[in-house]
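Accompanying notes for the structure given below.
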Amino acid sequence: MIVPMKKVSLIIMGDKKKETLKKLRKLGIVHIEIAEGSGEKLIQLNESVALLESSLFLLGKNKNAEPKDVDTAEVLEIAKEIASLDDEKKRCQAERAALNAELERLKAWGEIDLDSLKELSQKGIKIAFYEMSKAEYDSLDERVKTVRLETTKASVKFMLVESDLEDSEDVLSSMSDYRLALPQISTNDIKRKISESTERIEAIDKKIASYAGCAASFKKAIKATEKEIEFEIYATGMESEVLSADKAQEISVAYFKGYIEAENLDGLKNVAAQNSWGLLVEEPTEEDDVPTKLKNNKFVSLIYPLTDFLGTVPGYFEYDISAWFLAFILIFFGIIFGDGGYGLLITAIAAIPIVRSIASKKEIPPTFLLVGLLGLSTVLWGMLTCTWFGLAADQLPQWLRSLSVPVISNVYADKLWTLPWCAEGVGLTTAQNLQIFCFSLALIQLTVAHIKGAVRNRKSLKVLGDIGSIFQLLGIYYLVLSLVVNAEVFSFGLVLGGIPVGIVAIAMIGVGFVVSFVFSNYEGSIVRSILTSLTNIVSVLLGVVNVFSDIVSYIRLWAVGLAGAAISATVNELAGPLIAKPMFMVLAIFLLVFGHGLNMILNVLSVIVHGIRLNTLEFSSHLDMSWSGHKFKPFEE
């Protein structure tokens with residue numbers, strides 16, 4: 001359930017902000033609502049967190065590091081040193097990269113000694129190096145005397161004494177594009193600097209690694225600083241009002257709004273009375289940004305790791321569908337994975353940490369319990385449909401086949417299931433039975449949504465709108481069976497026990513639409529409700545189409561499960577011939593592990609994309625849920 005909240009407003013003396021916040025933090029039951037804080041201290045604290053987080057990232061994970069416990073002040077100094085070392089490391093890496101690039105550019109020219117060239121230049125011998133194509137080299141001016149250094153099919157490298165051509169500037173100018181740009185330092189010096197940079201980078205890495213044992217202290221410091229930030233936000237973001245214009249005796253008050261669990265209200269009242277705080281208690285309204293706290297039994301709470309991962313929180317005035325979410329995701333997961341063998345693997349993986357927790361007498365993490373339940377759900381579905389590791393039904397032992405339910409079992413995949421009202425030769429295949437099962441799940445889940453709406457609106461005529469929606473669901477369900485599954489079995493002319501089923505289905509759609517049209521927007525006036533529906537006539541009409549598409553969308557469960565089964569079978573077909581040959585046994589095992597492993601990963605993605613979607617979109621849209629909530633987070637130590 002969603003825990004009932006009370007909106008509270010506290011009024012305190014302006015000079016008692018920090019004192020009050022310390023007491024509230026110690027109390028730990030009030031969710032404070034303040035937009036944002038300000039001030040130099042807040043900026044510094046945020047900078048400290050950023051520095052600590054970046055330094056912690058640089059430390060990485062070193063399980064062999066000896067733990068070192070240091071206080072927050074020392075951690076900040078270490079973080080500054082790590083940041084400085086990292087900056088130096090980046091400069092060294094940039095310098096080394098530039099030097100390596102320069103060395104690569106000069107690689108074909110061998111060693112270049114700038115001191116020797118400078119010495120020759122001082123003696124009047126100016127030497128330069130050139131590279132050009134062979135054709136261009138052969139067409140050089142006769143005055144150009146060169147020393148060939150290297151000749152290839154593509155080019156010629158040569159040396160030229162430019163001092164011999166001082167009177168032929170036009171010749172030198174025409175060759176300028178081919179002249180080698182000399183480095184600023186000799187190639188030996190470049191290599192030495194690269195070596196020095198590498199050594200310094202290694203020394204920096206070693207120095208940073210020496211602080212790896214402080215990682216736990218870094219995490220503690222980050223949490224402590226984040227608590228300071230939270231405190232400073234509340235202290236500086238609190239609204240203030242000056243009551244006295246006398247600057248000598250200026251009196252001000254501060255106030256803020258928050259939310260508290262209704263059951264904890266008496267505790268706040270007592271503390272407020274003891275500290276002379278002004279306290280106003282109100283019922284939250286839909287205009288308020290009320291936080292949400294969910295409270296369920298231990299079994300239903302197993303869904304929380306999944307909803308926390310998704311970041312889905314119902315609004316305070318929405319529904320807590322945790323129990324329904326858990327129930328249907330177990331069913332959806334089992335159908336999408338669809339293979340009892342996969343279910344056994346998932347269950348075994350979850351069982352390892354569960355057994356360890358039990359053995360060490362620690363609380364079992366709910367995540368592993370949820371995974372175990374999902375695995376068992378998959379085992380159950382695999383048992384009902386006789387699907388085990390993608391093997392054909394005739395390859396499985398008889399006792400496994402006997403556990404399956406015939407109408408949806410792979411054992412009877414080729415059988416035609418006839419119904420009493422069907423003509424000879426007309427019936428349903430196993431695949432069509434599975435489709436009907438998926439559509440029936442849709443009918444149940446979406447009907448649950450409107451029943452919940454009807455319960456909420458039971459004291460208003462708006463309840464008729466929910467009843468009308470249920471009528472539409474029932475009628476459209478039969479329409480889907482006729483159009484998608486089998487038009488002969490579920491024909492519109494079908495009569496059972498004197499009841500024209502098809503005509504009744506169409507009538508239910510029409511009656512449901514009219515009733516929903518009239519009452520779904522009811523807020524005290526039928527006329528206004530009808531006018532509202534007329535105003536949104538396009539979306540109202542599209543709503544009927546959406547109900548049809550919502551039901552049909554549940555076929556994705558069967559389709560994705562079928563795709564997974566096909567991949568499993570294909571992997572087995574590829575590996576099967578190899579298993580019979582000893583020399584290919586290792587390859588066959590690798591193929592089986594890789595193929596089935598990849599299929600399981602794809603199935604996990606399918607659950608996220610399809611299974612969760614049915615809960616958070618189709619089901620939630622019929623509940624008018626937008627998941628617009630945010631978690632209740634009391635201000636606490």
Test side-chain hydrogen bond (donor to acceptor under 3.5 Å, both in side chains) on S568 and N599; report intermediate values, then the result.
CA-CA 7 Å; S568 297; N599 194 23; 2.9 Å; yes
Kindly indicate, with the supporting measurements, whether the criterion side-chain contact (heavy atoms from CB on, under 4.5 Å) is fulfilled by V607 and F337.
CA-CA 8 Å; V607 170; F337 264 76; 3.9 Å; yes
Evaluate ring pair (Phe, Tyr, Trp, His ring centres under 6.0 Å) for H596 paired with Y342, printing each intermediate quantity in order.
CA-CA 9 Å; H596 286 291; Y342 290 176; 5.7 Å; yes
Taking all atoms of both residues into account, what is the closest heavy-atom pair of L99 and I194, and its distance?
CB-CG1, 3.5 Å
Of all heavy-atom pairs between F325 and I303, which one has the smallest distance, and what is that distance?
CD2-CD1, 3.7 Å
Is the number of heavy atoms from other residues, nucleotides or ligands within 6.0 Å of [atom1] ([X]) greater than 12?
X	atom1	value
D138	CG	yes
Q184	CD	no
R356	CZ	no
E363	CD	no
K227	NZ	yes

If you round to the nearest 0.5 Å, how far is [atom2] of [Y] from [atom1] of [X]?
X	Y	atom1	atom2	result
S606	I612	OG	CD1	11.5 Å
E196	R200	CD	CZ	12.0 Å
T151	F158	OG1	CZ	10.5 Å
I204	K89	CD1	NZ	7.5 Å
E318	M625	CD	CE	4.5 Å
L614	F332	CG	CZ	5.0 Å

Within a strict 4.5 Å, meaning less than it, do heavy atoms of the [X] and [Y] side chains meet?
X	Y	result
H630	D289	yes
P305	D308	no
V571	F594	no
M132	K157	no
R613	R556	yes
L180	L106	yes
V161	K145	no
L114	I112	yes

Quick one: do the [X] and [Y] side chains pair a donor with an acceptor below 3.5 Å?
X	Y	answer
E618	S553	yes
T570	E573	no
W627	S620	yes
S55	Y211	no
N410	T385	no

With I201, the side-chain contact (heavy atoms from CB on, under 4.5 Å) member among K206, Q93, K90:
Q93
Test side-chain hydrogen bond (donor to acceptor under 3.5 Å, both in side chains), reference T187, set K107, E102, E111, output is E111
Show, in sequence, the C-alpha distance, side-chain angles and deciding distance for I354 and S357, and conclude whether the side-chain contact (heavy atoms from CB on, under 4.5 Å) test is met.
CA-CA 5 Å; I354 291 174; S357 298; 5.8 Å; no
Residue pair Y130, Y178: steps toward the ring pair (Phe, Tyr, Trp, His ring centres under 6.0 Å) verdict:
CA-CA 5 Å; Y130 291 83; Y178 305 102; 7.9 Å; no
Using ring pair (Phe, Tyr, Trp, His ring centres under 6.0 Å), reason through F635 and Y234 one step at a time and then give a plain yes or no.
CA-CA 10 Å; F635 181 47; Y234 293 154; 4.9 Å; yes
side-chain hydrogen bond (donor to acceptor under 3.5 Å, both in side chains) between S133 and E136, intermediate numbers included
CA-CA 5 Å; S133 67; E136 290 170 316; 2.9 Å; yes
